[in-house]
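Keep in mind that this is a model prediction, so the values were computed, not measured.
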Amino acid sequence: MRKIIPLLALFFLFNACSPGDDTQYLFELRPIQSVDIPTEFTLGQTYPITVHYTVPTSCYYFSTLYYDKDLNVRTIAVENAIAQRNNCQELTPEMGASTYTFNFYVTSNGSYIFKFYQGKDDQGNNVFLEYEVPVTN
């Protein structure tokens, strides 16, 4: 416990905002363009899953992975923080290409259905890239 307190103090010291730092942030879900996901799982194993998405400017920063589970259905999206500055640089699709990898631990039999957020359609409905991954024993 005594070692944790100095580490926490250092963490907050190095991550503290300076008094002149008044940057505001908006948050946005970015469409996932493609996914690297196994074609099958084994019960009790852990697998990396990588999502690929693009950011349009240099003011987009990864914030968190939205992850919702309902039985064996997983809904996933990438949330970015967008710095509200006037010096953001436009990025080409190649320069703005981003990835995020998370580990998925298989806890149940049957199949998992993964729904990766891809944006909205013309009627404003959410669109998903869906994968069904069977679980073997």
Residues 61-70 side chain polar contacts: donor-acceptor under 3.5 Å, at least two apart:
{"residue": "Tyr61", "atom": "OH", "partner": "Arg85", "partner atom": "NH2", "Å": "2.9"}
{"residue": "Ser63", "atom": "OG", "partner": "Glu79", "partner atom": "OE1", "Å": "3.3"}
{"residue": "Tyr67", "atom": "OH", "partner": "Arg74", "partner atom": "NE", "Å": "3.1"}

(message) If you apply the rule side-chain contact (heavy atoms from CB on, under 4.5 Å), what do you find for Val135 with Thr42, and how did you get there?
(response) CA-CA 5 Å; Val135 176; Thr42 301; over 6 Å; no
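- Taking the side chain as every heavy atom from C-beta outward, Tyr112 and Val106 approach each other to under 4.5 Å.
- Within the model, atoms CZ of Arg30 and CG of Asn80 stand 6.5 Å from one another, a figure rounded to the nearest 0.5 Å.
- Listed by chain and number, the residues in a side chain to side chain donor-acceptor pair (under 3.5 Å) with Thr46 amount to none (sequence neighbours excluded).
- Checked against the 6.0 Å centroid threshold, Tyr47 and Phe41 count as a close aromatic pair.
- Scanning all heavy atoms of the two residues, the minimum distance from Ile32 to Tyr53 falls at CA-CB, 4.3 Å.
- Hydrophobic clustering (side-chain heavy atoms under 4.5 Å, transitive across Ile, Leu, Val, Met, Phe, Trp, Tyr) keeps Phe116 apart from Val73.
- You'll find the ring centres of Phe104 and Phe114 inside the 6.0 Å limit.
- With a 4.5 Å cut-off on side-chain heavy atoms, Glu28 and Tyr60 count as touching.
- The CG atom of Asn126 lies 4.0 Å from the NZ atom of Lys120; values are rounded to the nearest 0.5 Å.
- Taken from CG in Asn109 to CG in Leu43, the straight-line distance is 5.0 Å, to the nearest 0.5 Å.
- For the pair Thr57 (side chain) and Cys88 (backbone), a donor-acceptor distance under 3.5 Å is absent.
- Put simply, CG on Asp36 and OG1 on Thr99 are 9.0 Å apart, with the number rounded to the nearest 0.5 Å.
- Closest non-hydrogen pair, Ile49 versus Pro38, comes out as CG1-CD, 4.4 Å.
- The side-chain heavy atoms of Val78 and Leu29, taken from C-beta on, include no pair separated by under 4.5 Å.
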(request) For Ile113 and Tyr131, run side-chain contact (heavy atoms from CB on, under 4.5 Å): C-alpha distance rounded to whole Å, both residues' side-chain angles, the deciding distance at 0.1 Å, then the answer. (result) CA-CA 6 Å; Ile113 297 173; Tyr131 291 92; over 6 Å; no
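- Side-chain contact check for Thr107 versus Tyr105: some heavy-atom pair is nearer than 4.5 Å.
- Remark: side-chain polar atoms of Gln84 are paired, donor with acceptor, to backbone N or O of Ile82 under 3.5 angstrom.
- Note: the hydrophobic cluster containing Val51 also contains Ile37 (ILVMFWY, side chain heavy atoms under 4.5 Å, direct or indirect links).
- Looking only at distances, a side-chain donor or acceptor of Ser98 sits under 3.5 Å from a matching main-chain atom of Gly96.
- To the nearest 0.5 Å, the span separating NE2 on His52 from OG1 on Thr101 amounts to 7.0 Å.
- In this structure the side chain of Thr50 never reaches within 4.5 angstrom of the side chain of Tyr100, judged on heavy atoms.
- The distance from atom NZ of Lys115 to atom CD of Glu130, rounded to the nearest 0.5 Å, is 5.5 Å.
- Neither side chain, Ser111 nor Asn72, offers a donor N or O lying under 3.5 Å from an acceptor on the other.
- Each of Val35 and Phe128 belongs to its own hydrophobic cluster when Ile, Leu, Val, Met, Phe, Trp and Tyr are linked at side-chain heavy-atom distances under 4.5 angstrom.
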